[in-house]
Trainee: 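Dropping the structure in here first, questions after.
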Amino acid sequence: MQKPYLESMPDENGFFGKFGGAYLPPQLEATYAEISRAYDKLSKSFDFINELKKIRKHYQGRPTPITYCRNLSDFVGGGQIYLKREDLNHTGAHKLNHCMAEALVAKYLGKTKLIAETGAGQHGVALATAAAYFGLECEIHMGEVDIAKEYPNVVRMKILGAKVVPATHGLKTLKEAVDSAFDAYLKDTETQLFAIGSVVGPHPFPKMVRDFQSVVGFEAKEQFLEMTGRLPDMVTACVGGGSNAMGIFSAFIEDSVKLYAVEPAGKGDKIGEHSASLTYGKEGIMHGFNSIMLQDEEGNPAPVHSIGSGIDYPSVGPEHAYLNSIGRTNIGLCSDTESIDAFYKLSQHEGIIPALESAHAVAFAMKYAKENPKESILVNLSGRGDKDIDFVVENYPIPTKWA
Ligand SMILES: *Cc1c(COP(=O)(O)O)cnc(C)c1O
């Protein structure tokens, strides 16, 4: 009998086909090998699984619901749109799903400090939350540009007891924050764990983070069946590194359900105007793993842009590169302005203010619903938009609904 997909992928060296792996400086090889061995054991340990289950229920407030969007579906006049409400997960996004689990791994490994990068600040807030819960020290690296743009999250991290370190080189956004966090981690791998914020980085992180996020997909599958008596025709999510998308996709990979990974088309198709890695990128190694990435002429990670600061990353998790290469997933695109439109539409038709990242998936679902009127569409609403409202209203006038 063939092993289920989630058990057979990645292979023991962390490869999804040719993507993934652990491309590390020699001084880090033993560290990641040890984390990998430890996770293999933990993922089968009753105590670990049981502790995580309790945290999901009593601390995070899971399961999060599925909401049927009657008004938005009627407005679009096509397929039926449903949302998996990760905006209602504690801290307001899906990221706490992997942060609580990564912190629990750190605890089992006897580490005392968590270190990480953050883009929009959502991973930083989620990790600082997890660190507070487990009594661990926490240091978050963040691009200077993002610190200015996402200031409320910076304050939140500090209130939660974390130290925020600005990344001041290059474009001063997510990629630079990853570089800076890696440098800090290299100085002490004994007491620190680098808790990566998505399904990226060297093995075992793409696998671990996917497993920790799969709770979203497994909940959603059961809930959707209970609500409608069948599976959705299509499941979609926005992709930065790809953790919320892998989370919801993972439960449907072996079903006949279409999967659409939505990439940020930004403000144009030239290098530096978007972050659509799968659409415009090519194979390359960055941040310790082989995947599809946006590169400049010298093969270095290219500058990227998206209005959603949690999705402006020049690569994508190796599992996304693999699933796309074998044709299991499709790519959707959403521009900055389409995401703003969806941000306001979902707010005014459903009373749900989405994160600008999540609005990319909503915008694509609206386009798709119009073209596929007989289908039911499940969107992973990865987070809430409170963090984005100041930026949005300063730059895009609020539409009047009852004109
Ligand atoms: C970080 C973030 C994302 C992008 O990260 P993935 O790993 O691609 O899921 C999407 N939505 C929200 C709300 C985020 O905070």
Side-chain angles (χ1 to χ4, degrees), residues 56-57 60-97 122 213-238 243-252 255 257-260 262 308 310 332 334 338-370 372-389 392 401:
R56 301 272 194 238
K57 183 171 176 189
Q60 294 179 229
R62 303 201 68 88
T64 58
I66 285 183
T67 299
Y68 169 53
C69 295
R70 183 184 305 278
N71 300 335
L72 189 69
S73 302
D74 286 351
F75 172 82
V76 170
Q80 307 298 305
I81 299 172
Y82 296 76
L83 305 177
K84 175 63 171 165
R85 301 289 307 279
E86 290 306 294
D87 60 318
L88 296 177
N89 196 31
H90 179 44
T91 72
H94 68 289
K95 289 205 176 74
L96 197 66
N97 300 330
Q122 293 292 95
Q213 285 295 344
S214 68
V215 66
V216 175
F218 287 106
E219 279 177 16
K221 189 171 184 171
E222 197 183 317
Q223 291 167 316
F224 199 92
L225 271 170
E226 203 236 345
M227 283 172 90
T228 70
R230 50 193 294 282
L231 292 178
D233 296 295
M234 193 275 258
V235 174
T236 187
C238 67
S243 67
N244 88 89
M246 271 326 303
I248 198 153
F249 289 177
S250 55
F252 297 97
D255 299 313
V257 171
K258 282 173 270 185
L259 305 174
Y260 274 85
V262 180
C334 169
E338 286 170 325
S339 90
I340 292 290
D341 179 60
F343 173 91
Y344 281 129
K345 291 259 159 60
L346 190 66
S347 298
Q348 301 196 345
H349 289 282
E350 298 290 345
I352 298 168
I353 304 176
L356 282 178
E357 294 85 356
S358 326
H360 282 70
V362 176
F364 179 73
M366 287 164 61
K367 284 192 278 190
Y368 183 94
K370 203 162 200 170
N372 298 277
K374 296 205 180 100
E375 297 195 11
S376 57
I377 299 143
L378 175 61
V379 182
N380 194 10
L381 196 76
S382 53
R384 67 174 184 228
D386 303 49
K387 67 182 178 61
D388 297 315
I389 52 179
V392 172
K401 186 181 170 191

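Residue indices begin at 1 and follow the sequence shown.
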Trainee: Give the minimum heavy-atom separation between Ser382 and Cys238, together with the two atoms involved.
Mentor: OG-SG, 3.9 Å
Trainee: Given 3.5 Å as the limit, does a donor-acceptor pair link the side chain of Gln122 with the main chain of Lys95, or not?
Mentor: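 Not a single qualifying donor-acceptor pair exists.
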Trainee: Is any side-chain heavy atom of Tyr68 closer than 4.5 Å to a side-chain heavy atom of Ile81?
Mentor: no
Trainee: Hydrogens and angles aside, do Ser250 and Ser214 bring a side-chain donor and acceptor to less than 3.5 Å of each other?
Mentor: no
Trainee: Any ion pair linking Arg70 and Asp74 (charged N to carboxylate O, less than 4.0 Å)?
Mentor: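 Looking at Asp74 and Arg70, the cut-off is not met.
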Trainee: Inspect the contact between Arg62 and Glu86 and indicate whether a charged nitrogen and a carboxylate oxygen are less than 4.0 angstrom apart.
Mentor: yes
Trainee: From His360 NE2 over to Cys334 SG, what is the distance, rounded to the nearest 0.5 angstrom?
Mentor: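 His360 atom NE2 to Cys334 atom SG measures 4.5 Å (nearest 0.5 Å).
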Trainee: Tabulate below the donor-acceptor pairs under 3.5 Å that side-chain atoms of residues 223-231 make, not counting sequence neighbours, or state none.
Mentor:
residue: Gln223; atom: OE1; partner: Lys84; partner atom: NZ; Å: 2.9
residue: Gln223; atom: NE2; partner: Thr64; partner atom: O; Å: 2.8
residue: Thr228; atom: OG1; partner: Phe224; partner atom: O; Å: 2.9
residue: Thr228; atom: OG1; partner: Arg230; partner atom: N; Å: 3.3
residue: Thr228; atom: OG1; partner: Arg230; partner atom: O; Å: 3.0
residue: Arg230; atom: NH1; partner: Ser376; partner atom: OG; Å: 3.4
residue: Arg230; atom: NH2; partner: Asp233; partner atom: OD1; Å: 3.2

Trainee: Determine, stepwise, if the pair Val362 / Lys345 fulfils side chain to side chain contact (heavy atoms under 4.5 Å, CB included).
Mentor: CA-CA 9 Å; Val362 176; Lys345 291 259 159 60; over 6 Å; no
Trainee: Between NZ of Lys370 and OG of Ser73, what distance do you get to the nearest 0.5 Å?
Mentor: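 Taking NZ in Lys370 and OG in Ser73, the distance rounds to 13.0 Å.
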Trainee: Let me confirm one number: the CE-CD distance from Met246 to Gln213, rounded to the nearest 0.5 Å.
Mentor: 10.5 Å
Trainee: Taking all atoms of both residues into account, what is the closest heavy-atom pair of Pro354 and Ala359, and its distance?
Mentor: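 In this case the closest contact between Pro354 and Ala359 is CG-CB, 4.2 Å.
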Trainee: Please walk me through it: do Phe343 and Val392 pass side chain to side chain contact (heavy atoms under 4.5 Å, CB included)?
Mentor: CA-CA 9 Å; Phe343 173 91; Val392 172; 3.6 Å; yes
Trainee: Does the side chain of Tyr82 reach to within under 4.5 Å of the side chain of Cys69, using non-hydrogen atoms?
Mentor: no
Trainee: Kindly compute the distance separating OG1 (Thr67) from CG (Leu72), expressed to the nearest 0.5 Å.
Mentor: 12.0 Å
Trainee: Just so I know, are the side chains of Val215 and Arg56 near enough to count as touching, which here means a heavy-atom distance under 4.5 Å?
Mentor: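 Yes. Closest side-chain heavy atoms under 4.5 Å.
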Trainee: Mark yes or no for whether Asn97, through its side chain, and His94, through its backbone, hold a donor-acceptor pair below 3.5 Å.
Mentor: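 Yes, because the side chain of Asn97 sits within donor-acceptor range (under 3.5 Å) of the backbone of His94.
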Trainee: Does the side chain of Val257 reach to within under 4.5 Å of the side chain of Leu259, using non-hydrogen atoms?
Mentor: yes
Trainee: Report yes if some heavy atom in the side chain of Met234 is under 4.5 Å from a heavy atom in the side chain of Glu375; otherwise report no.
Mentor: yes
Trainee: May I ask you to test the Phe252-Pro232 pair for a side-chain heavy-atom distance under 4.5 Å?
Mentor: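 Phe252 reaches Pro232 side chain to side chain.
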Trainee: Atom CZ in Arg384, atom CD1 in Ile352: separation rounded to 0.5 Å?
Mentor: 13.0 Å
Trainee: Count the heavy atoms of every other residue, nucleotide or ligand shown that sit under 6.0 Å from CD1 of Ile353, and state whether that count exceeds 12.
Mentor: no
Trainee: With a 4.5 Å cut-off on side-chain heavy atoms, are Leu381 and Leu346 touching?
Mentor: yes
Trainee: In Å, rounded to the nearest 0.5 Å, how long is the span from CD of Glu219 to CD1 of Ile248?
Mentor: 10.0 Å
Trainee: Under the 3.5 angstrom rule, does the side chain of Asp388 hit a backbone N or O of Leu356 as a donor-acceptor pair?
Mentor: yes
Trainee: On a heavy-atom basis, which atom in Ile377 and which in Ala365 lie closest, and how many Å separate them?
Mentor: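 Minimum heavy-atom separation between Ile377 and Ala365: CG2-CB, 4.0 Å.
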Trainee: Whether the Glu357 and Asn244 side chains hold a donor-acceptor pair (N or O, under 3.5 Å, no angle test) is what I'd like checked.
Mentor: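 Short answer, no.
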Trainee: Do Thr236 and Leu378 make a side-chain contact, defined as non-hydrogen atoms from C-beta onward lying under 4.5 Å apart?
Mentor: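 Not in contact.
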Trainee: So, for Ala369 and Val76, which heavy atoms are closest and what is the spacing to 0.1 Å?
Mentor: CB-CG1, 4.0 Å
